[in-house]
Amino acid sequence: MDTTGASITSVDRTMVEALCAHLQAMSGQPVEMLETHISWILLNGSLAYKLKKPVRLPFLDFTELESRRRCCELELRLNRRLAPVLYLDVVPICGTAESPRIDGIGDPIDYAVCMRRFAAGALLSEQLSAGHLQAAQVEQLAQRLADFHRDAPVAARSSGHGSPEQISKAATTVLTQLESVGDVTQLRVLRNWVVEQARGLAAVWLSRRAGGAIREGHGDLHLANAVQVGVEVLAFDCIEFDPELRWIDVISDLSFLTMDLQAHGRSDLAFSALDAYLQRSGEYAGLPVLRFYEVYRALVRMLVTGLQARTGADSDRTKVPDYLACASRLIQGSRGGPRLMITHGLSGSGKSTLARQLLELVGAVRVRSDVERKRLFGLDALQRSADQDLDLYTPSATRRTFERLAGCARDGLRAGFPVIVDAAFLRRSERQAFRALAAEMNVPFSILDCQASEIVLSRRLLSRGAAGTDASEADASVLKRQLHWREPLDAHEQLRAIGVSTEVGIDIAALGERWLAAT
């Protein structure tokens, strides 16, 4: 089996070079050719033409014209799900290798996917390399992915997609393929970890499969397959050539993005993306399988970038991180290990702002009461309960909300992550319930006690309400009631509290270290 791209013949290269000349003559504009291990991309004016190389690799076979045509058509259909503005058509290439023509006369000699060209430097990999990538971009992408997964078709029970056997085999197969190019000692440690994790996760994988978590996803969502187009961040270039790589757990799809950000040294952005996805989807039950999939994705990316290097491919011209080192770091788990923090404070005291900063710094999972309360009633985070004529704050609704928060926190802790439960926690009984959860899970328990003056709280609530960009519905009347019935931290709780005045500048790094040092 050819794994080096050596099946590319002089005739193939002649055809591609002649096609470049043809496009330039037609448009009067220069043609730039990019190359991956499986494709040629011809950039001409406002369009791009993507041809599949006639190669056979361990994971695909494009040697036959019919297979290239079929996969071009699949590529068009599948990528229009997430990036319809980019994918225009499949066009035949006719004529001869020496004189090819787009949409020419006669039988096709090849096919190309015609795309709308995006600006140079627009790939998220390029933006990260240039130091321009922002949290808002990866959050938008993660939210789009969550919506996409929500609506994607679920794998049939009769299919083998998402079975424990398939998942573990995919990971061990990649490890075997890497043995000739990677550090033997590191790969042995990773193989042992993968085998051990596969045994422990088998029941979880079966449960997720039965629960509809296996869906037709993207399959290849690393940073070079996401792009800024105008104000939108779009995922493109999904897996079309192998359904097994596309019909996957939604968390496996997400894990490629979070892994790649961590591999590039931006764990802060990785956890911003994870937080955005969880807030949108509520997929906390998938957290126990996230790290396994991240390790698998790192190994896959190492294999693919190795193939690209051997074939001289240059489509992603940013620095390639050490994916093997990334996988080795991931199996070490979270810094500080699993631990539970709850926030405490009146509405407007800065709890959510600090929780967000901490999750990026430490690599934590956040569960927000305002978001999960609405989810229980079928509302999106920014929908207003009054507009739906719903009362979300009855004793029954509050009880259900805190049960949901505890369940999500338990999922995160079982997965080995630090967890922040972002709620007011003004009642002592609610705080005691989460202290008991920490004891049950045998993890450290902390209270982030956020404080601000009443005049500052009122001003913040007024500003937040006017903006309409936060899930919280608290206003001045809510604050007034909270001031009346709140139950302050008692002496015992004070021992677990990290007090913070949010009216002054906060050293978030020092705050993170205090939390990680708590026992």
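For clarity, every value in this text was computed on a predicted model and none was experimentally measured.
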Under 3.5 Å, side chain of [X] to main-chain N/O of [Y], donor-acceptor pair present?
X	Y	answer
H22	A18	no
R116	V85	yes
S99	G95	no
K53	T36	yes
S267	A270	no
Q166	G162	yes
K374	A381	yes
R209	H161	yes
D322	L324	yes
Q140	V233	yes

Flag side-chain contact, heavy atom, 4.5 Å: [X] against [Y]:
X	Y	result
P30	E32	no
L511	D507	no
L359	V365	no
F256	R301	yes
V419	V421	yes
F62	R68	yes
E66	R69	yes
Q177	L299	no

Let me confirm one number: the [atom1]-[atom2] distance from [X] to [Y], rounded to the nearest 0.5 Å.
X	Y	atom1	atom2	value
I239	W247	CD1	CH2	15.0 Å
D249	R215	CG	CZ	10.5 Å
R81	C238	CZ	SG	5.0 Å
L254	E283	CG	CD	9.5 Å
L245	H218	CG	NE2	12.5 Å
L74	N79	CG	CG	10.0 Å

Where is the tightest heavy-atom contact between [X] and [Y], given as atom of each residue plus distance?
X	Y	value
M115	L88	C-CD1, 3.9 Å
A235	A83	O-CB, 3.5 Å
Q29	G45	OE1-CA, 3.2 Å
C114	V91	CB-CG1, 4.3 Å
W40	R13	NE1-NH1, 4.0 Å
N44	S27	ND2-OG, 2.9 Å

Hey, what's the ring geometry for W205 with Y293, parallel, tilted or perpendicular (30° and 60° as the breaks)? tilted
Heavy-atom count around E196 CD within 6.0 Å, excluding the residue itself: above 12? no
I'd like to know whether CG of D107 has more than 12 heavy-atom contacts from other residues, nucleotides or ligands below 6.0 angstrom. no
Check this for me, if you would: do [X] and [Y] make a salt bridge, where the nitrogen-to-carboxylate-oxygen distance has to be below 4.0 angstrom?
X	Y	value
E64	R70	no
E372	R375	yes
R356	E139	yes
R144	D147	no
E513	R335	yes
R368	D422	yes

Kindly determine whether I508 and L358 satisfy side-chain contact (heavy atoms from CB on, under 4.5 Å), including the steps that lead there. CA-CA 7 Å; I508 194 68; L358 279 173; 4.0 Å; yes
Quiz item: cation-pi between R291 and F417, 6.0 Å / 45°: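 The answer is yes; both the distance and angle limits are met.
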Strictly by modelled atom types, are [X] and [Y] linked by a side-chain donor-acceptor pair under 3.5 Å?
X	Y	value
Q228	Q137	yes
Q279	D275	yes
R297	S252	yes

In chain order, what residues pass the side chain to side chain donor-acceptor pair (under 3.5 Å) check against Y277, with sequence neighbours excluded?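 Result, side chain to side chain donor-acceptor pair (under 3.5 Å) vs Y277: H149.
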Can I get a per-line list of side-chain donor-acceptor pairs under 3.5 Å for residues 188-195, giving both atom names and the distance, sequence neighbours left out?
| from | atom 1 | to | atom 2 | distance (Å) |
| --- | --- | --- | --- | --- |
| R191 | NH2 | T176 | OG1 | 2.9 |
| R191 | NH2 | E179 | OE2 | 3.1 |
| N192 | ND2 | R188 | O | 3.4 |

Full working for side-chain contact (heavy atoms from CB on, under 4.5 Å) between L42 and L19: CA-CA 9 Å; L42 312 183; L19 188 59; 3.7 Å; yes
Kindly determine whether R329 and C326 satisfy side-chain contact (heavy atoms from CB on, under 4.5 Å), including the steps that lead there. CA-CA 5 Å; R329 287 193 301 272; C326 177; 3.7 Å; yes
Output, in order, the C-alpha distance, side-chain angles, deciding distance and verdict of salt bridge (Lys or Arg N to Asp or Glu O under 4.0 Å) for R77 and E73. CA-CA 6 Å; R77 178 180 69 81; E73 292 175 350; over 6 Å; no
Start with the C-alpha gap between I93 and L51, add the side-chain angles, then the distance that decides, and say whether side-chain contact (heavy atoms from CB on, under 4.5 Å) holds. CA-CA 10 Å; I93 300 168; L51 292 82; 3.4 Å; yes
